[in-house]
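Report on the structure given below.
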Amino acid sequence: MRMYDLIYTKKLGGALSPEQIAFWVKGAADGSIPDEQSSALLMAICWRGMSTEEILALTLAMRDSGKRLDLSSVPGLKVDKHSTGGVGDKTTLILGPIVAACGVPCPMFSGRGLGHTGGTVDKFAAIPGLKVELSEDEFIRSLAETRFANSAQTGDIAPADKKLYALRDVTATVESIPLITASIMSKKLAGGADALVLDVKCGPTAFMKTLEDARGLAQSMVDVGTAHGMQIRALITRMDAPLGWAIGNALEVMESVEILRGEHGDTELAEMSFRLAAEMLIMGGAAKTLPEAQAKVQASIQSGAALETLRRFVALNGGDVRALDDFSLLPQAGKVVDVLADRDGCIAAIDGRALGLLAMELGAGRKDRNDVLDLGVGIRVRIRVGQQVKRGEPVFTLYIKANQTISDAFYLSTLTFKDAPVEPGPWLLASLAPPEARS
Ligand code: URA
């Protein structure tokens with residue numbers, strides 16, 4: 001088999017066979033196929049797309065490039081969640097403990113942040129002492145003892161994805177529905193969960209800018225999961241403004257803990273986390289209907305069971321649980337400054353991508369994979385879309401290094417003001433789920 005023929009076939013819009021796809025994935029991972037040929041094929045896939053059969057074959061080949069986790073020693077249906085990534089998205093920290101507290105084991109592998117989006121691993125790393133890279137035994141122990149496990153993805157799960165993702169990152173081939181589907185689903189299938197809830201982000205800050213594209217990605221992942229016997233459903237959620245008030249790792253831990261304490265329960269972040277958790281409870285068999293699942297979610301917050309589960313997870317994995325009560329034990333910024341509104345008006349839009357990049361510049365995110373983060377820095381977003389503000393009111397509070405200087409103008413340029421009132425749009429844009437599960 002020649003790699004040249006695969007590239008040529010796809011360049012003309014033809015279909016690759018499962019054998020050809022397996023040949024490419026194996027060769028890309030073991031280095032026998034040069035990067036320039038893989039890059040050429042990736043670009044051809046971006047332009048020409050792939051059929052469902054090809055996406056399935058690509059997902060399987062990537063899944064089988066590494067290890068598959070066996071979680072069968074932990075009783076119950078294991079339910080995972082994946083989000084396609086957003087600014088201020090700390091839903092995993094909130095819903096993981098909720099779902100586990102409601103009796104459904106929740107195994108999750110997370111990523112580190114890159115560019116404008118943060119990573120769940122970095123957020124958990126802000127809890128002093130917490131081990132964020134668990135061995136397989138530690139991961140299974142955490143799941144068995146607390147029903148919640150979260151760890152950085154280990155290198156032996158879908159290693160072909162690591163190689164191909166690095167090539168996509170530098171060849172402008174990340175935004176392709178077949179490639180995103182295979183990348184995410186290969187890791188999820190190897191991770192050993194029985195069911196998966198997807199949060200597909202849609203909007204100017206997300207990979208998928210239009211509802212049509214977001215639906216396409218969601219459907220593609222649902223098709224692949226279903227074909228492999230995984231229960232799967234997807235919510236499509238709006239991504240433009242940052243999710244919640246916190247951007248930055250320690251700040252995001254604080255916001256998550258506040259929600260688990262029962263504060264800010266009416267915010268978009270809380271509503272979204274609770275809804276995703278409810279979907280997970282239905283999939284895990286802990287509730288039959290959405291209202292029943294939502295009632296269980298609320299009970300886990302009100303009784304303190306969800307926060308207690310987070311404490312047990314943190315304690316088991318070496319973290320300092322006192323930091324969940326006393327936020328002064330979390331990493332701190334060198335200084336705190338406010339950015340004040342320079343006009344009166346109604347907030348019509350908040351540019352989450354631009355704020356994510358500004359947080360990255362402060363040291364909360366990575367420009368390069370090897371950057372070391374400052375876990376204490378970040379941004380408190382003090383306004384919401386639709387809110388009226390007066391000139392001189394604080395719109396952002398910045399947590400920065402002691403020697404850092406900032407330009408207010410950059411922060412203010414992330415806001416769009418209108419004189420007339422603005423109604424914020426719904427956060428839930430669509431859902432894809434088996435009809436028999438809805439009521
Ligand atoms: N996240 C992944 O893991 N893979 C992609 O291709 C895109 C987002």
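All values below were derived from every heavy atom in this structure, side-chain atoms included, with hydrogens, water molecules and symmetry-related copies excluded. Note that ligands are numbered from 1 as they come in the structure, with each ligand's atoms numbered from 1 the same way.
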Discussion item. Suppose we measure from atom 1 (N) of ligand 1 to each protein heavy atom; which comes out shortest, and what is that distance?
Written reply: I184 CG1, 3.9 Å
Practice prompt. Examine ligand 1 and decide if any of its atoms is less than 4.0 Å from a heavy atom belonging to T84.
Written response: no
Fill in: Protein contact of atom 7 (C) of ligand 1 - nearest heavy atom, named by residue and atom, plus distance
F207 CE1, 3.6 Å
Practice prompt. Take S142 and N317 through the side-chain hydrogen bond (donor to acceptor under 3.5 Å, both in side chains) test and state the conclusion after the steps.
Written response: CA-CA 8 Å; S142 184; N317 295 296; 3.3 Å; yes
Worksheet item: If we only count heavy atoms from C-beta on, is the D213 to F207 side-chain gap below 4.5 Å?
Response: no
Worksheet item: In terms of residue, atom name and distance, what is the protein heavy atom nearest to atom 4 (N) of ligand 1?
Response: S183 OG, 2.6 Å
Worksheet item: In terms of the angle between their ring planes, are F139 and F109 parallel, tilted or perpendicular, with boundaries placed at 30° and 60°?
Response: parallel
Fill in: Heavy-atom check, side chain of S273 versus side chain of I259, under 4.5 Å
no
Worksheet item: Taking both backbone and side-chain atoms of H82, is any N or O found less than 3.5 Å from an N or O belonging to ligand 1?
Response: no
Discussion item. Using modelled atom types and a 3.5 Å cut-off, is there a donor and acceptor pairing between side-chain atoms of K188 and backbone atoms of S186?
Written reply: no
Worksheet item: Got the closest protein heavy atom to atom 3 (O) of ligand 1, with its distance?
Response: K187 NZ, 2.5 Å
